[in-house]
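Chain letters run A, B, ... following the sequence lines, proteins first and then strands; every chain starts at 1. The figures that follow rest on heavy atoms only: side chains count, while hydrogens, waters and symmetry mates do not.
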2 protein chains.
Amino acid sequence: MMPMSTSRPYHHGDLRSALLTAAERTLRDKGAAALSLRELARDIGVSHAAPGRHFKDKQALLDALALDGYDRLMQTLATADDPTLPLQPRLTGLTRAYLRFATDNAALLELMYSLKHDPDASEQMAAAAERTVQSLAAIVAEAQQRGEIIEGDPAMLTLTVGAALHGIATFAANGHADAQAAVDGVDTLVHLLLHGLLPR
Amino acid sequence: MMPMSTSRPYHHGDLRSALLTAAERTLRDKGAAALSLRELARDIGVSHAAPGRHFKDKQALLDALALDGYDRLMQTLATADDPTLPLQPRLTGLTRAYLRFATDNAALLELMYSLKHDPDASEQMAAAAERTVQSLAAIVAEAQQRGEIIEGDPAMLTLTVGAALHGIATFAANGHADAQAAVDGVDTLVHLLLHGLLPR
DNA sequence: ACCTGAACACCGTTCAAGT
DNA sequence: ACCTGAACACCGTTCAAGT
């Protein structure tokens, strides 16, 4: 039990992170469009102008949320990756992790991939996305070196795998595919990616 | 030259479609978040309450835009589809068409795939998406019957192909992949999907 | 440094009233 | 049937002033 100070000082202590926490909650519960700085301020118990000290405008708060999302996604993927595995189970594991993140954070993912960001934040997000792509590219390159997969432009192989993973994750996140069906289908999807659709 | 009535009547004639046209324009130029019913009304020259006659709220207008987007996407794909082609060029053509639509209508696509819609509109959109999936499923089933691709759960093959197409389209739309690079990569992507990544 | 409170210029939505 | 004009309850953002 933390003692609550009965005299409420006019400042908050760590308003910035309190705003981000509260914002992510409403993002999750009601979506980005329903997010109001004034409402956040009310919930936290601070004046409506206070958020302006920490985020130059509403978009800056959304950008910060999205950037945090990229960090968490990358950490999720890094944790899920097992470099000792052969390619197929390794990709399956990564895909499952991405799928789980997507369904658990659907609104956040939508925000992360949305078009409207400050140029500065856009740059940071492009860099974060690029880092994720690079780790996938590294996996592809490794597999090529081991002779597990075909030669050819590694960027194209990475793009293909990345597109398939991204596609199924967004299908699952927005309900275009049933989430459980998508999870169950990961094995088959990765198998098809590796083996192709043509008869042998 | 249409004669302009100098006495401006208090009604508009076809306000509903005028609103949709203007809304799509701002969606394209400034994004969904910047869309204001009052501003639309001003631009069209009608009172700020007039839109309420045609759309019960702002979300209803966004839903109508998204639904129209699904219609146009399906029409684009139907036009681009050439059933006389073998599977590989057929899929390549469809993917190109989807890519073009995605880059030409990035904000609209984002709106179409966004999570926040009225339940009623969501149902219609799910149905529209389902129809698109079904036409892809039909192509897959045909190819299976002709022995062009492997047997196995057609739904999984469709999901895999659909995920890859959707993934590359969204990459292109939001700039995660350079649009031109994505278009150039379509041949390779479809080839990889069909042939797989494993060495033969 | 950090926050308040008032002010400004906007919103979306509703509703009686007009034509 | 379709629109207006006023009204209501909100917004985001700015800025002098407070501590």
Side-chain angles (χ1 to χ4, degrees), chain A residues 4-27 29-66 111 114 116-121, chain B residues 4-27 29-66 111 114 116-121:
Chain A
M4 299 254 291
S5 76
T6 149
S7 79
R8 201 157 298 275
Y10 81 124
H11 65 295
H12 184 269
D14 196 357
L15 181 53
R16 194 191 134 92
S17 72
L19 283 166
L20 285 173
T21 304
E24 173 145 21
R25 202 181 149 64
T26 45
L27 176 67
D29 293 348
K30 305 192 288 179
L35 204 147
S36 147
L37 291 181
R38 285 177 104 112
E39 191 176 9
L40 290 179
R42 275 195 302 270
D43 290 351
I44 293 174
V46 92
S47 88
H48 64 256
R53 286 291 125 188
H54 300 277
F55 299 100
K56 90 173 215 292
D57 54 21
K58 188 180 173 179
Q59 188 59 52
L61 194 161
L62 293 175
D63 292 345
L65 277 180
L111 181 63
S114 78
K116 295 272 299 181
H117 293 290
D118 276 8
D120 188 62
Chain B
M4 298 255 291
S5 76
T6 149
S7 79
R8 202 157 298 276
Y10 81 126
H11 66 294
H12 183 269
D14 195 358
L15 180 54
R16 194 193 135 92
S17 72
L19 283 166
L20 285 172
T21 304
E24 174 145 21
R25 204 183 148 63
T26 46
L27 175 66
D29 295 347
K30 306 191 287 179
L35 204 146
S36 147
L37 291 181
R38 285 178 104 112
E39 191 177 8
L40 290 179
R42 276 195 302 271
D43 292 349
I44 292 174
V46 93
S47 90
H48 64 257
R53 287 291 127 189
H54 300 277
F55 299 100
K56 90 173 215 290
D57 56 21
K58 189 180 174 179
Q59 187 58 52
L61 195 160
L62 293 174
D63 292 345
L65 277 180
L111 181 63
S114 77
K116 295 271 297 179
H117 293 288
D118 276 8
D120 188 62

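B:T26 and B:D29 form no side-chain donor-acceptor contact under 3.5 Å, judged by distance and modelled atom types alone.
Closest approach to the A:V46 side chain among C:dT4, D:dG12, D:dT4 is made by C:dT4 (side chain taken as heavy atoms from C-beta onward). Closest approach to the A:L15 side chain among D:dC3, C:dC3, C:dA6 is made by C:dC3 (side chain taken as heavy atoms from C-beta onward). Comparing C:dC3, D:dC11, D:dT14 against the side chain of A:R42 picks out D:dC11 as the nearest. Side-chain atoms of A:A50 lie closest to C:dC3 of the nucleotides C:dT14, D:dG12, C:dC3.
When rounded to the nearest whole Å, the span between CG of B:L35 and P of C:dC10 equals 17 Å. Atoms CG (A:D57) and C1' (D:dC11) sit 14 Å apart, rounded to a whole Å. One can place CG of B:L19 at 12 Å from P of C:dG12, the figure rounded to the nearest angstrom. A straight line from CZ of A:R53 to C1' of D:dA16 spans 11 Å, rounded to a whole angstrom. When the C1' atom of C:dA9 is taken as reference, atom CD of B:E39 falls 13 Å away, rounded to whole Å. Rounded to a whole Å, the CG atom of B:L37 is 16 Å from the P atom of C:dC10. Straight-line distance from the NE2 atom of B:H48 to the C1' atom of C:dC10: 12 Å, rounded to whole Å. Atoms CZ (B:R38) and P (C:dT14) sit 13 Å apart, rounded to a whole Å.
Within the 4.0 Å cut-off from OP1 or OP2 of C:dC10, not a single side-chain nitrogen or oxygen of B:S36 is found.
Figure legend. D:dG18 is base-paired to C:dC2; pairs are counted as Watson-Crick or G-U wobble with both atom distances under 3.5 Å. Under the Watson-Crick and G-U wobble criteria, each requiring two contacts below 3.5 Å, nucleotide C:dA7 is paired to D:dT13.
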**OP:** Quick one: do A:K56 and A:D118 satisfy salt bridge (Lys or Arg N to Asp or Glu O under 4.0 Å)? Show the steps, please.
**Re:** CA-CA 11 Å; A:K56 90 173 215 292; A:D118 276 8; 3.1 Å; yes
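From B:K30, atom NZ reaches atom CD of B:E39 across 4.0 Å, with rounding to the nearest 0.5 Å. From A:L40, atom CG reaches atom CG of A:L61 across 6.5 Å, with rounding to the nearest 0.5 Å.
Using a 4.0 Å heavy-atom cutoff across all strands shown, A:L61 reaches no nucleic acid atom at all. In this structure, A:S47 reaches the bases: a heavy-atom distance under 4.0 Å links it to at least one base atom across the strands shown.
In this structure, the side chain of B:Q59 engages the main chain of B:K116 through a donor-acceptor pair within 3.5 Å.
Mapped onto DNA chain C by nearest heavy atom, A:A49 and B:K56 fall at different nucleotides, with A:A49 at the one closer to the 5' end.
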